[in-house]
Trainee: 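Below you'll find the structure I mean.
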Amino acid sequence: MGTAPLPAAPAGPQGGSAPSSCDRSCLNSFVDQYVDALVAHDPSRLPLTKFVKYTENGQKLELGDGFWRTASGKGAYKFYVDDTEAGQVGFEGTLQEAGHPVLIALRLKVENQKISEIETIVARGQMAEGGAANLEKLGKPRAAFLEDIPPAERVSRLELIKTANRYFSGMQKDDGKGDYSFFGDDCNRLENGMQTTNNMTPFGGTTSNGTPRPAPTAKYDPATNPTTYSAGWSCRDQFRSGLLHFVSWIRDRRYMIVDQERGIVWGFGFFDHQAGDTRNFETPDGRPVTAGPTTPFTWEIAEIFKVRHGQLHEIEAVLTQGPYGMCSGWSGYEQCRSDQPQW
Amino acid sequence: MARKGIVAAAAAGVLLLAAFARPAKPAAAAAAECDRECLNHFVDQYLDAVVAHDPSKLPLAKNVKFTEDGVRLEPGDGLWATASGLGGYKLYFDEPAAGAAGVFALIQENGTPAILQARLKIVGMKITEIETLVARKETTAFLNTDNLTAVRPAFLETVPPADRPSRAEMVAMVGKYFDGIEQGNGDIVPFDKDCIRIENGIQTCPGSPTSPLGALSCGAQLSTKIFTYIQSISPRRFPIVDAERGLVLAIVRFNHPATSQTVEVPGRGKMTMGRYSQWPNSTQIAELFKVKDRKIKEISAVIVTQPYKAPTGWE
């Protein structure tokens, strides 16, 4: 951590992995092997390094424990994000657990044709079942995600990470007064398979505050004095509203996987909801608002960004709720608490 | 089975260590720098400071360690930021010889009640450790704060000095409770025949006559195997033994791998186990036991749902 290859460094990485001998199809085959072994509840099928490390929802587990005991079937949705330079691959996919649909975000690090790191987030239950069904229906990732960036338009790894990081920085204690030009007009986000921007279909249910979830509105209109952001708004307008302020801290931002050819960045992070003073804030037009969760909690999140021309377009995330302030199992305590990007 | 063996060995190790670490005589006999009244005063100061959102009001040691729901935080964060008032319920327990103070208390959080369990360690009249669990409706499978109106008298009764078991004996008796859950065998637990257990404010044994298992005693419930989804109870700690009142605080983690959602209950057939059997998860539990006449007479627990095998922060 923190010593991974510096983006665009022309020489070999310092202290990181050796140049990868595993290309895109090789990395994807490791994912496929992993999922097969997982569903068979048999890690011995995998080529593992001696000290392979496994985490599930931020907890270090023995390989074979946790989801390895309960995964009951494969799903149809498969989204691979390859970083051949770092020898890492990310995978967002649907699976079955005891007959229920779940979502997984998986990161594998491959060294000399062996898996040395396995990091997973498994999203289950109400927060995931409907979205997993949506992704199954979708069948495959949005086409724009997988399109190659023309070679002449490709930017450095660091530039890609910087653009993705503006999303987390803009959301943290969102005040609606930032420069949100990093959002493309066509930006659209899926969170646990649910479309949470530009979505006019009511989700129903209640907000994390226990109040009925407001019906979506087509456009952000400050004149209507909204107090809750709407899934009907665009990516940019959600930030412009200043109503995401209750996301008090976005920390341990680990940009582990970068696919320069496709302009994709895969970041891990935690969204803290302090639920204290951060519930009270002003909208950009000076309106006082009290909103957001009333008890502290943290989202553990894997977020995938498509970056083109310095803007975010497609965004997709897998997230699960955890104890407030939890750490990932992959960072030191200071990094876990910090909002500074790591790569 | 291997895992159970490891757990049992670990538990035996704890007991062995406890036996060496503590004098055989009741700990309360030793002169403590901070007696029961002093320890309870620290607890009150702590609760007041939490509600005031102001850790600077407390005599904190320089390297004080604070956890909430197993996560290390800075004092001032977590419940410190959200507490909006104290409720009327406070159950204190202390081990003066260890500088250990504990409390179960009702607390308001942005106006909504929650149950707080706090453990403080006092060294040199400063707070060196703060370990908390907060049972909130969002982080527990069940919670009823309305029932916590008054502390049940058994938790306040003093045990005559001659009747006080050693620390190691108290811990061993309570350890049998966790063994009994792991093994699905209430017969090995020294339950008082009228033992009552209250978890997150709800009486869970004896059961309600209208519950699926009926009005079973605490021991009989275990023997139905309905808790088979609790594969292991590990790690286990016993940070406070209040010899004067016959109380033991255990802080443990129940591990639920969710490999099965149903169980064969003798005489009743296949039954669906609780919601903890749906997917892998753990619960972190602060459980207070009243031991009287070498029997477990009452149990009160604060339970928080956690990611599977999340650390408690103190192992």
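Side-chain atoms are counted along with the backbone in the values below, which use heavy atoms only and exclude waters and symmetry mates. It should be emphasised that the depicted structure is a prediction, and the values quoted were computed from it without experimental measurement.
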Trainee: May I ask you to test the Pro311(B)-Lys60(A) pair for a side-chain heavy-atom distance under 4.5 Å?
Mentor: no
Trainee: Kindly say whether Ala275(A) contributes a backbone atom to a donor-acceptor pair with the side chain of Asn110(B) at under 3.5 angstrom?
Mentor: yes
Trainee: As an exercise: rank Thr320(A), Asn57(A), Leu61(A), Thr278(A) by heavy-atom pairs under 4.5 Å with chain B and give me the winner.
Mentor: Leu61(A)
Trainee: I'd like to know whether Gln231(B) forms a side-chain contact (heavy atoms from CB on, under 4.5 Å) with Arg69(A), so could you lay out the CA-CA distance, the side-chain angles of the two residues, the decisive distance to 0.1 Å, and finally the verdict.
Mentor: CA-CA 13 Å; Gln231(B) 186 224 23; Arg69(A) 294 177 188 228; 3.7 Å; yes
Trainee: Does some side-chain heavy atom of Lys309(B) sit less than 4.5 Å from a side-chain heavy atom of Glu62(A)?
Mentor: no
Trainee: Between Lys137(B), Glu68(B), Arg72(B), who has the most heavy-atom pairs with chain A when the cutoff is under 4.5 Å?
Mentor: Arg72(B)
Trainee: Tell me if the OH atom of Tyr333(A) is crowded by more than 12 foreign heavy atoms within 6.0 Å.
Mentor: yes
Trainee: State, yes or no, whether a side-chain contact exists between Pro296(A) and Glu109(B) at a heavy-atom distance under 4.5 Å.
Mentor: yes
Trainee: So if I apply the side chain to side chain contact (heavy atoms under 4.5 Å, CB included) rule between Tyr324(A) and each of Asp77(B), Thr82(B), Thr139(B), which one comes out positive?
Mentor: Asp77(B)
Trainee: With heavy-atom distances below 4.5 Å as the criterion, would you say the side chains of Leu73(B) and Arg337(A) are in contact?
Mentor: yes
Trainee: Using side-chain heavy atoms (C-beta onward) and a distance below 4.5 Å, is Pro280(B) in contact with Glu97(A)?
Mentor: yes
Trainee: Nearest 0.5 Å, please: how far is OH in Tyr308(B) from CD in Glu56(A)?
Mentor: 8.5 Å
Trainee: Tell me, out of Val122(A), Thr295(A), Thr70(A), who's got the most heavy-atom pairs with chain B below 4.5 Å.
Mentor: Thr295(A)
Trainee: Name the region of Phe67(A), side chain, backbone, both or neither, that has any atom closer than 4.5 Å to a heavy atom of chain B.
Mentor: backbone
Trainee: Is Glu315(B) atom CD crowded by more than 12 heavy atoms from other residues, nucleotides or ligands, each under 6.0 Å away?
Mentor: yes
